[in-house]
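Presented below is the structure to which this report refers.
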Protein chains: 2
Amino acid sequence: MQKPKRKVDRRVLRSRKQLSAALLELMGEVSFEDITIKDITDRADMNRATFYLHYGTKEELLYQSLESRFDQLAQRIEEDISSNPDKPVWIDDCYDQLVFEHVAEHADLYKVILDSNGFGGIIHQIIDYIAAVAHRNTVAFYGPQADGEIPHEISSRFVAGAMFSLIVWWIRNDMPYSAQEMASMCHRLISQGCDDLLPK
Amino acid sequence: MQKPKRKVDRRVLRSRKQLSAALLELMGEVSFEDITIKDITDRADMNRATFYLHYGTKEELLYQSLESRFDQLAQRIEEDISSNPDKPVWIDDCYDQLVFEHVAEHADLYKVILDSNGFGGIIHQIIDYIAAVAHRNTVAFYGPQADGEIPHEISSRFVAGAMFSLIVWWIRNDMPYSAQEMASMCHRLISQGCDDLLPK
DNA sequence: TATTTAAGCAACATTGTGTCAATTAAGAGT
DNA sequence: ACTCTTAATTGACACAATGTTGCTTAAATA
């Protein structure tokens, strides 16, 4: 096992790589929905039929294009954790920082993915909406932003995303807790944070 | 101004209502992407051309169908806030609860919207991914779930959503802070919560 | 080199889209 | 009740994207 046994034809790898690159390129120019299979294969300089030899839909292509990047991040985190097994992972910023660095590194990709998204960006509209309300309340309650303190813009985004995520989880799991319970847990996490969960 | 002056033709209102109902009905059965204009107008018992008299795309129809519900929630929160102007909005769960109650009330709608979303649900996949990592770390750091404590399942969703939202904001605003700064703020909010921002 | 198989090519039926002109019928205002 | 306005219906149209097929060419592997 000196070399990983070459089982996939080079041409296959080459085609897939070209298709992936072409799609990401196009996504920087026009919205994902407006991209056709023909657009992709044209950009990749290959026949349209070739696309179907590898993928069924453009969504499939996109998803597989992303997987490698995710795996890369996962591996990096894995290494970090296993190389310092005693370091409490939540105690410092290291883990979070790996994530943000990863995003920064692939900013071009994530930008096109996250910029305008499904249903004409309905998810962003929902989060934006929550963030706007949260921002108003933050200002009302915490007052104007203190010097050197975390900007309200950030904390309201934080709150909005957290709430959104809990709502999605709640809905998709058929509401295993009451609205009152969810609100209570949500509120506690927002105001006190996770360290509140530490055994006293 | 005794009555709101009727300016829009009843037929228009009726058609739009039917189209909206038809779309939401269909979204409970098949995925949004697979729904055609013809499917919608068939379900609404009207001609396909009629659709184009009101909307340009099905996304437009969906968005307008949602607006009324959003406004409803916004109004409810507004009322709550202005009726108790002195009550610190973040101090209790009341505001959060309004949100979760609203979602519960329109669960059927939100379920279809949030269930499978753009790019074949790529956003959910990203959040799921972060949540999985967060969950592992939560268990490793906070130990097994304490009795009566917030379930790790919830707190990891909370963390995932918050991070996702910050990442999106960061990317869409062309990264106005460094990865290190973002990680630091993110981590502090996660562990200490928003009350940490209160003036001492 | 011989064999395998990916990619190219051209054509095809199918389906959804968006628009249009002419017609019918329902609502609004008097 | 009558008239004017305009929404909705209908059938048709050109256009574009899809997914598949049979055959050919050429590249990679062993």
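Sequence lines set the chain letters: A, B, ... in the order given, protein chains first and strands last, and positions in each chain run from 1. Keep in mind the model is a prediction, meaning the values are calculated, not measured.
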Centroid separation B:His102 to B:Tyr110 less than 6.0 Å
yes
Which class fits the ring pair B:Tyr55 and B:Phe51: parallel under 30°, tilted 30 to 60°, perpendicular over 60°?
tilted
Under the ring-ring contact (aromatic ring centres under 6.0 Å, His included) rule, collect the residues that match up with A:Phe164, sequence neighbours excluded.
none
Any donor and acceptor pair, going by atom type alone, linking the side chain of A:Ser65 with main-chain N or O of A:Leu61 inside 3.5 Å?
yes
Determine whether any donor atom in the side chain of B:Arg48 lies under 3.5 Å from an acceptor atom in the base of C:dG18, or the reverse, and answer yes or no.
yes
At under 4.0 Å between heavy atoms, what does A:Asp45 touch on the DNA or RNA strands: base, sugar-phosphate, or nothing?
sugar-phosphate
Hey, is A:Asp71 close enough to A:Arg76 for a salt bridge, meaning N to O under 4.0 Å?
no
Expressed in angstrom and rounded to an integer, what is the separation of B:Asp9 atom CG from C:dA25 atom P?
17 Å
Could you write out each protein N or O paired with an N or O of nucleotides 22-27 of chain D at a distance under 3.5 Å?
{"from": "D:dA27", "atom 1": "N3", "to": "A:Arg11", "atom 2": "NH1", "distance (Å)": "3.2"}

Nearest whole angstrom, please: distance from the P of D:dT18 to the CG of A:Asn47.
14 Å
Choose from C:dG8, D:dT29, C:dA28 the nucleotide whose nearest atom is closest to any side-chain atom of A:Arg10.
D:dT29
Separation of C:dA6 P from A:Phe51 CZ (nearest whole Å)
17 Å
Roughly how many Å is it from NZ in A:Lys38 to P in D:dT20, rounded to a whole number?
19 Å
Heavy-atom nearest nucleotide on DNA chain C taken for A:Met46 and for B:Lys58; more 5' hit belongs to A:Met46
Per atom distances to the A:Tyr52 side chain, the nearest of C:dG18, D:dT29, D:dG19 is D:dG19
Length of the NZ-P vector between B:Lys17 and D:dA7, whole Å:
18 Å
How many whole angstroms separate atom CD1 of B:Ile37 from atom P of D:dA16?
18 Å
Distance test, side-chain N/O of B:His54 to OP1/OP2 of D:dA8, below 4.0 Å:
yes
Between P of D:dT18 and OH of A:Tyr55, the distance in whole Å:
16 Å
I need the CD-P distance between A:Gln18 and C:dA7, as an integer number of Å.
9 Å
What residues form a side-chain contact (heavy atoms from CB on, under 4.5 Å) with A:Arg48, not counting sequence neighbours?
A:Ile37, A:Lys38, A:Thr41, A:Tyr52
Kindly point out which of D:dT18, C:dT17, D:dT10 is positioned nearest to the side chain of A:Thr36?
D:dT18
Residue B:Leu53, side-chain heavy atoms: nucleotide from C:dA6, D:dT9, C:dC9 that is nearest
D:dT9
Give a yes-or-no answer on whether the side chains of B:Ser31 and B:Glu33 include a donor-acceptor pair shorter than 3.5 Å.
yes
